[in-house]
Structure formats: structure tokens, C-alpha cells
Chemist: 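Before I ask anything, let me first share the structure, which is written out below as C-alpha cells.
Numbers here are sequence positions counted from 1.
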Amino acid sequence: MNSAYLDLIRIRFLMMLAYRVNYYSGIVIYTINIGAYYFLWEAIYGDQKLLAGFTLAQMTTYVAVSWMARAFYFNNLDREIANEIRDGSVAVQFIRPYNYLFVKLMQGFGEGLFRLLLFMGPGLALVCLIFPVKLPSDPGTWVIYLFMLLFSFLINTQINMLVGLFAFFVENNEGMLRMKRVLVDLFSGVIVPITFFPGWLAVTMKWLPFQAITFIPSSVFTGRVTGAEVWRVFGIQVIWFVALIIPIAWVWRQARTRLFVQGG
């Protein structure tokens, strides 16, 4: 990998480090959020031991790891790209000797790496001290989960890029940005696991990339998916990563011919 791209990761990491106090407060906010979901699910379960294939212990772990994983894969690249398109600064990127979208990917990864080390890690440790979260004892599960978490970041970033690039075609895609965030949180399984969705909707979700962001990795982490099935669901992530490259490349090619700058 070109050292210039590695420098982009380092620079974005250092930029995030300058505002680390915000993320320390974010850990507290996420912990409160997880606590609210924990008590909600505890009330929903009542005396029932199993709901939609989840035990209460699995649900507690699922909620904790899903929200903390969100801290890693979440980024605002869609908004960054849209803003650069609207103010015209993206035009400068066309003449520079690097790939604009790959630059954005590296910047997002630098931010994600910061969140992983200083947000997700400490946050998960704090949550484990407060709530009955059961972490996997098998080192192999941790290794495969980390690989799947990387693909969660990649797929979420690809979706962000697609939405951001639509700013080439509309004067203001703010509504699209907000709708995308809601759809990703809901349909990826962060708010409610996909198995709780109505039958027709759960089937539909299996044909969309959102499940590959949260539901699939968290299902492996909680032990709901084991053995050879782990490699099958990991394959789903890989397939979506490869598949999303096609629309991104097509939209980027079409977008470059219709740059429209607002303002003057």
C-alpha cells in the first residue's frame, strides 16, 4: 500500500485524538444507552427463557457488542463527500495523483481505528463491569469477529460513499443522509435483531447488505452462529463488499461528468 495512504490513516487518527474528550463522554452515553436497552429487554423477556432464538444472556451481549461495534464502523464520510461536492472542492481531487474514494476510505479507517482503541475497547470493558455481558472464551471467535468487524466498517463505508456521491445528482441530499442513517441502524440489527422482524421483512433483509454490518458479526460473537455456519455468514459479508464496488464505480464514473458547484 502506498505510504501516502498510510499517512492519511495516521493524520485522521491524530485529528480524532485532539478531540478525545468528546469520545470519553461518548463512552458514558453509549453505556447509558446500552443500559436502557438491557432493562427494556429484561422486562420484555420476563419469565421467558427464549425469544426469536435469543436467550436473555445472548440478547444482553448482542446489545452491548452491537452498539460498541457501531462506534467503530460509524463515520460521516457521506456528509464529508456531499459537502465537498456542494462547495466544489472535490474538483481539485480530480487532478491529484490519487484515488479520491480510496483517500476517503483511509481517512474513515483512521477514524475507525481511533474509535476502536479509545472508544469501543474501553466502552465494552466498562459495560462488562456493569451488565451481565458474556464474552466468548474461544480465541478463534475473537479472531473471526475482528475480521468480520473490519468488513462491517468496509460495507458501511461503501453505503456512505454511495449516498454521499448522490450529491452530484441533487442539489441537497440532506434528507437522504438522514434517511440512510435511520435505515442502517434499524435494518442492520442495532436497534432490534433481524430475527424479531415480521417474516416477510426478515426475508427481505437477507437480500440487502445491512445485515452484514451488525447482525451477522454480532450473531457470531454471541454464539448464535457456530461451526461451519460462521464461514458461510462471513462469505455473505465478502460477497456484499465485492458487490457494492460495482455501483460505487458506476456512480463515480457518471458523477464525474456532471459536477455542479453551488455558490460562487
Side-chain angles (χ1 to χ4, degrees), residues 27-74 119-149 151-152 155-156 182-237 240:
I27 292 174
V28 176
I29 294 172
Y30 264 54
T31 301
I32 294 173
N33 195 29
I34 290 170
Y37 275 95
Y38 167 70
F39 291 117
L40 174 63
W41 282 111
E42 189 177 43
I44 292 174
Y45 269 81
D47 295 329
Q48 300 183 73
K49 295 183 178 180
L50 199 67
L51 283 178
F54 282 85
T55 64
L56 179 57
Q58 286 178 327
M59 181 59 72
T60 302
T61 303
Y62 178 93
V63 168
V65 74
S66 294
W67 278 99
M68 284 304 168
R70 184 182 184 277
F72 167 66
Y73 68 68
F74 176 86
F119 193 140
M120 181 182 175
L124 188 58
L126 177 61
V127 168
C128 288
L129 291 175
I130 300 174
F131 305 107
V133 176
K134 295 185 178 180
L135 301 179
S137 57
D138 180 15
T141 301
W142 283 94
V143 172
I144 188 64
Y145 175 72
L146 289 176
F147 274 105
M148 297 182 81
L149 191 60
F151 275 88
S152 295
I155 294 169
N156 182 68
V182 172
L183 289 178
V184 169
D185 282 347
L186 179 60
F187 292 151
S188 67
V190 171
I191 298 176
V192 180
I194 292 176
T195 51
F196 281 82
F197 288 6
W200 63 271
L201 186 54
V203 171
T204 302
M205 288 300 98
K206 292 181 179 180
W207 294 94
L208 296 175
F210 303 113
Q211 61 167 336
I213 298 175
T214 300
F215 181 71
I216 287 178
S218 295
S219 294
V220 171
F221 190 86
T222 56
R224 294 188 67 254
V225 175
T226 57
E229 186 71 5
V230 171
W231 298 107
R232 186 189 72 81
V233 297
F234 180 57
I236 293 175
Q237 282 191 304
W240 274 116

Chemist: How far does CD1 of Ile216 sit from CD1 of Ile155, to the nearest 0.5 angstrom?
Modeler: 8.0 Å
Chemist: Do you know which two heavy atoms are closest between Met120 and Met68, and how far apart they sit?
Modeler: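 So the two residues come closest at CG-O, 3.3 Å.
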Chemist: With heavy-atom distances below 4.5 Å as the criterion, would you say the side chains of Phe221 and Tyr62 are in contact?
Modeler: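 No, side chains not in contact.
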Chemist: For a 4.5 angstrom cut-off between non-hydrogen side-chain atoms, does Arg224 reach Ser218?
Modeler: no
Chemist: Can you find a heavy atom in the side chain of Leu135 that is under 4.5 Å from one in the side chain of Trp142?
Modeler: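 Yes - at least one pair of side-chain heavy atoms lies under 4.5 Å apart.
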Chemist: Find out whether Leu149 and Pro217 are in side-chain contact, i.e. whether some heavy atom of one side chain is under 4.5 Å from a heavy atom of the other.
Modeler: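 When only atoms from C-beta onward are counted, Pro217 and Leu149 do not touch, as no gap falls below 4.5 Å.
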Chemist: Return all side-chain donor-acceptor pairs below 3.5 angstrom for residues 43-61, not counting sequence neighbours, or 'none' if the list is empty.
Modeler:
unit_1: Tyr45; atom_1: OH; unit_2: Phe54; atom_2: O; d: 2.8
unit_1: Thr55; atom_1: OG1; unit_2: Gln58; atom_2: N; d: 3.1
unit_1: Gln58; atom_1: OE1; unit_2: Thr55; atom_2: N; d: 3.2
unit_1: Thr60; atom_1: OG1; unit_2: Leu56; atom_2: O; d: 2.9
unit_1: Thr61; atom_1: OG1; unit_2: Ala57; atom_2: O; d: 3.1
unit_1: Thr61; atom_1: OG1; unit_2: Lys134; atom_2: N; d: 3.1

Chemist: Of Ile194, Val225, Thr195, which is the lone residue that meets side chain to side chain contact (heavy atoms under 4.5 Å, CB included) with Ser219?
Modeler: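 Passing option: Val225.
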Chemist: For the residue pair Phe234 and Val220, establish whether any side-chain heavy-atom pair is separated by less than 4.5 Å.
Modeler: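 Contact flag for Phe234/Val220 side chains = no.
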Chemist: Is the shortest heavy-atom distance from the side chain of Phe151 to the side chain of Trp240 under 4.5 Å?
Modeler: no
Chemist: Check the pair Trp231 / Ile144 against side chain to side chain contact (heavy atoms under 4.5 Å, CB included), numbers first and verdict last.
Modeler: CA-CA 9 Å; Trp231 298 107; Ile144 188 64; 3.8 Å; yes
Chemist: At their closest point, which heavy atom of Thr31 faces which heavy atom of Phe131, and how far apart are they?
Modeler: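 So the two residues come closest at O-CE1, 4.0 Å.
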Chemist: Do the rings of Phe119 and Tyr30 sit parallel, tilted or perpendicular, given the 30° and 60° boundaries?
Modeler: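 It falls in the perpendicular class, over 60°.
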Chemist: Hey, could you give me the CE/OH distance between Met148 and Tyr145, rounded to the nearest 0.5 Å?
Modeler: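 That separation rounds to 9.5 Å.
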Chemist: Does the side chain of Val233 reach to within under 4.5 Å of the side chain of Gln211, using non-hydrogen atoms?
Modeler: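 SC-SC contact between Val233 and Gln211 ruled out.
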Chemist: Using 0.5 Å steps for rounding, measure from the CG atom of Asp138 to the OG1 atom of Thr226.
Modeler: 10.5 Å
Chemist: Which value, rounded to the nearest 0.5 Å, describes the distance between Lys206 atom NZ and Ile236 atom CD1?
Modeler: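 Here the interatomic distance stands at 9.0 Å.
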Chemist: Any side-chain heavy atom of Tyr73 sitting closer than 4.5 Å to one from Thr214?
Modeler: yes
Chemist: Taking all atoms of both residues into account, what is the closest heavy-atom pair of Ile213 and Ser152, and its distance?
Modeler: O-OG, 2.7 Å
Chemist: Atom CD1 of Ile32 and atom CD1 of Ile27: how far apart are they, to the nearest 0.5 Å?
Modeler: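 The distance works out to 12.0 Å.
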